[in-house]
**Student:** 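Encoded as structure tokens, here's the structure I'll be asking about.
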Amino acid sequence: MSDLTGLTIAEIRDGLATGQFSATELTHSYLAAMEAARDLNAYIVETPEKALEMAAASDARIASGEARPLEGVPLGIKDLFCTEGVHAQAASHILDGFKPVYESTVTANLWADGAVMLGKLNMDEFAMGSSNETSYYGPVVNPWRAEGSNAPMVPGGSSGGSATAVAARLCAGATGTDTGGSIRQPAAFTATVGIKPTYGRCSRWGIIAFASSLDQAGPLARTVRDSAIMLRSMASVDERDTTSVDLPVPDYEKAVGGSVKGLRIGVPKEYRIDGMPPEVEALWEQGKAWLKEAGAEIIDICLPHTQYALPAYYIVAPAEASSNLARYDGVRYGLRVPGDDIAAMYENSRAAGFGKEVKRRVMIGTYVLSAGYYDAYYLRAQKVRALIKRDFETVFEAGVDAILTPATPSAAFGVASKTTASPIEMYLNDIFTVTVNMAGLPGIAVPAGLDAKGLPLALQLIGRPFDEEMLFRTGQVIEDAAGHFAPERWW
Amino acid sequence: MSVDKDIVKRVARLARIAVSDEEAEALKGELNTILGFVEQLNEVDVTGVEPMTSVVAVDMKKRADVVTEQDQAERIVANAPAREDHFFVVPKVVE
């Protein structure tokens, strides 16, 4: 079979079960695709030997009738996840040479379910960025380009390598993490499906920390069904993460294809922002029409504190990051740059090891947490955060089942097109996604159309805490109506 | 509130990041842009609002106070840039 990389995870499962191809053949197809796509810079490290070893084990399992839920499915892993004995550097120079001696819970869950690791995926350094341009390993290129143009576009970030790899068929699915939109925004930019589950659904153990009260892992995949299959394996209750919530993991795939008849879908007026491109507005209207046709009821809702989510995020996330990143001191792991004394060694190591965006955020975080400023910044931001959460609780209590919004304020932009702009301009990419992290809710981005230049656009659905099933149900309606989008191969 | 170059250098010192004069100048502008952006939070009336301390209302999990993973010294120092036996080596701290 020649086109194995075109199969969805659901199709792989069926093909392997019926012996149409082997896990080893499938893995070889992906390894060849990865080799041919190195210009996209999606993978930081490829692990072909490990992949083939895991695929052989999967073939043995399948032969003996002991296939597990993700048996033989080749996946890419974001560099933020600790993988035993394999490069894990959060795409940062400060973790130079770091090879974890342990495995993250999420990746361990995937391997326990039979998945095959193809390699580690590029990302924004420490997941700080919305374009995958802050990586120590250089920018990732989006497989999508504007019609009639050769200009490289960003895949979004921070899970940009994951999004590009899924869209360009360099893995069947990928792990991502989402602190302010880092799964959903790159999914939107590449016409892939990305879900950030409820905070506490996936264990954070072994995921290199950025902002602990916001970070959540989730999948990027080609279809809503595939993302449901992956999330079921990634999610678990983990005693090693005290914020892991003690709730059984449902079989999410069962929710895919469920009727949305009679559901109440909220549409928040605050997401209609100034300067929103008419195409995004039109897509949103289209999304409402699709859900209405499928029998859902569209309700106008009000989330009055929406505009304060992004500024509050830019206090909370850097504050937590400055604390989490204090551990990179040139002593226990990673880069060490000598200095005259121990303080100079710390300062030189961190100056050489962190990139510009990371330094900027660590500095902001250090400032807002420093003596005399805590109440004015961090405490106030956490109070605003409580109000943002209350906004959502109020609409859910009023009987809204899910909320429909655009996923991003625009389609993908050009590589290096925003490097001279103010940092705020880049931050505005997350304006529709960041509220969800602040409130800890689940959110999914589903491809919904192309703009006039032929670049992908997506819709976002936001659900009640731990109601990911509602997102898979409603997301499938969008997917069925919008169809599938794949980039034309040029690389 | 805005920061000047001296404050930037003080914050860099607290964050343990070596910053040159030119970098401090550039960071001053960037930090003031961000601090200006977050200023809008002052419009929000937060009187009587409890700050959010956890995303999901659950009791902090506690585990039994027992040793679960012991004798891991070799694994712990495995990634150290400088080590001697099972110790991390750092520049002299006490004269």
Side-chain angles (χ1 to χ4, degrees), chain A residues 97-99 101 198-200 213 239 242-243 245-246 305 307-308 311-312 314-315 322 326 329-336 338-348 350-351 354 359-360 362-364 366-367 370 376-377 379-387 389 422-424 439-440 465, chain B residues 1 3 7-8 10-20 23 26-27 29-31 33-58 60-63 68-69 72 74-83 88-93:
Chain A
F98 181 63
K99 289 196 170 61
V101 292
T198 313
Y199 184 82
S213 78
E239 61 180 26
T242 53
T243 60
V245 173
D246 217 345
H305 296 92
Q307 72 170 107
Y308 301 110
Y314 275 97
I315 290 173
S322 74
D329 55 6
V331 174
R332 285 159 294 170
Y333 27 62
L335 185 74
R336 169 181 292 196
D340 292 338
D341 55 22
I342 193 165
M345 187 273 282
Y346 295 151
E347 291 184 350
N348 294 343
R350 290 164 67 82
F354 291 143
K359 284 182 194 170
R360 192 184 285 157
V362 168
M363 294 276 289
I364 280 284
T366 305
Y367 178 73
S370 61
Y377 287 111
L379 194 67
R380 174 168 280 267
Q382 288 290 56
K383 287 180 179 175
V384 172
R385 195 174 172 189
L387 292 172
K389 189 164 184 258
S422 125
I424 305 297
Chain B
M1 279 177 266
V3 296
I7 297 180
V8 170
R10 189 172 66 88
V11 171
R13 183 89 192 150
L14 288 172
R16 293 282 192 235
I17 299 174
V19 164
S20 69
E23 284 172 317
L27 275 163
E30 291 163 9
L31 299 196
T33 303
I34 297 167
L35 292 172
F37 175 65
V38 303
E39 198 110 294
Q40 53 183 301
L41 292 182
N42 293 329
E43 297 164 14
V44 186
D45 182 4
V46 292
T47 326
V49 177
E50 282 296 310
M52 189 160 151
T53 48
S54 77
V55 181
V56 181
V58 286
M60 174 69 90
K61 286 190 221 169
K62 298 174 197 75
R63 67 168 178 82
T68 51
E69 293 172 72
Q72 310 243 348
E74 188 51 41
R75 283 158 59 88
I76 288 165
V77 298
N79 276 290
R83 53 178 282 200
F88 297 109
V89 177
V90 296
K92 194 189 264 184
V93 178

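Computed from a predicted model, the values in this text were never measured in an experiment. Labels below follow one simple rule: chain letters A, B, ... track the order of the sequence lines, proteins then strands, and each chain is numbered from 1. We use all heavy atoms of the structure for the numbers below, so side chains are in, but hydrogens, waters and symmetry mates are not.
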**Student:** So which part of A:Ile424 gets closer than 4.5 Å to some heavy atom of chain B, the side chain, the backbone, both or neither?
**Tutor:** side chain
**Student:** Tell me if a side-chain donor or acceptor on A:Lys389 pairs with a main-chain N or O of A:Gly440 at a distance below 3.5 Å.
**Tutor:** no
**Student:** Below 4.5 Å, heavy-atom pairs only: which of A:Ala344, A:Pro311, A:Pro465 has the largest tally toward chain B?
**Tutor:** A:Pro311
**Student:** For B:Ile17 and A:Tyr346: C-alpha separation, side-chain torsions, deciding distance, then whether side chain to side chain contact (heavy atoms under 4.5 Å, CB included) applies.
**Tutor:** CA-CA 7 Å; B:Ile17 299 174; A:Tyr346 295 151; over 6 Å; no
**Student:** Could you report the tightest heavy-atom contact between A:Arg332 and B:Pro81, atom names first, then the distance?
**Tutor:** C-CD, 4.0 Å
**Student:** Where on B:Ala15 is there a heavy atom nearer than 4.5 Å to chain A: the side chain, the backbone, both, or neither?
**Tutor:** both
**Student:** Side chain, backbone, both or neither: which part of A:Met345 has an atom under 4.5 Å from a heavy atom of chain B?
**Tutor:** side chain
**Student:** Where does B:Arg13 contact chain A at under 4.5 Å (heavy atoms): side chain, backbone, both or neither?
**Tutor:** both
**Student:** For B:Asn42, is it the side chain, the backbone, both or neither that has a heavy atom under 4.5 Å from a heavy atom of chain A?
**Tutor:** both
**Student:** If I measure from the heavy atoms of chain B, does A:Ser322 come under 4.5 Å with its side chain, its backbone, both, or neither?
**Tutor:** neither
**Student:** Of the backbone (N, CA, C, O) and the side chain (C-beta and beyond), which part of B:Phe88 lies under 4.5 Å from a heavy atom of chain A, both, or neither?
**Tutor:** side chain
**Student:** What part of B:Arg75 gets within 4.5 angstrom of chain A, counting heavy atoms only: side chain, backbone, both, or neither?
**Tutor:** both
**Student:** Please state whether the side chain, the backbone, both or neither of A:Ala439 comes within less than 4.5 Å of a heavy atom of chain B.
**Tutor:** backbone
**Student:** Are any of the side-chain nitrogens in B:Glu74 or B:Arg83 under 4.0 Å away from the carboxylate oxygens of its partner?
**Tutor:** yes
**Student:** Backbone N or O of B:Leu41 within a donor-acceptor pair of the A:Arg380 side chain at under 3.5 Å?
**Tutor:** yes
**Student:** Is chain A contacted by the side chain of B:Leu14, its backbone, both, or neither, given a heavy-atom distance below 4.5 Å?
**Tutor:** both
**Student:** Please check this pair: side chain of B:Gln40 against backbone of B:Phe37, looking for a donor-acceptor N/O pair closer than 3.5 Å.
**Tutor:** yes
**Student:** Would you say that A:Arg336 contacts A:Asp329 through its side chain, given a criterion of any heavy-atom pair below 4.5 Å between the two side chains?
**Tutor:** no
**Student:** Taking B:Leu35, B:Val93, B:Val77 one by one, which has the highest count of heavy-atom pairs under 4.5 Å against chain A?
**Tutor:** B:Leu35
**Student:** Between B:Ile76, B:Ile34, B:Val3, B:Leu27, which residue shows the highest count of heavy-atom pairs closer than 4.5 Å to chain A?
**Tutor:** B:Ile34
**Student:** Any donor-acceptor pair under 3.5 Å linking the side chain of A:Glu347 with the backbone of B:Arg16?
**Tutor:** no
**Student:** Could you tell me whether the side chain of B:Glu23 and the main chain of B:Ser20 form a donor-acceptor pair under 3.5 Å?
**Tutor:** yes
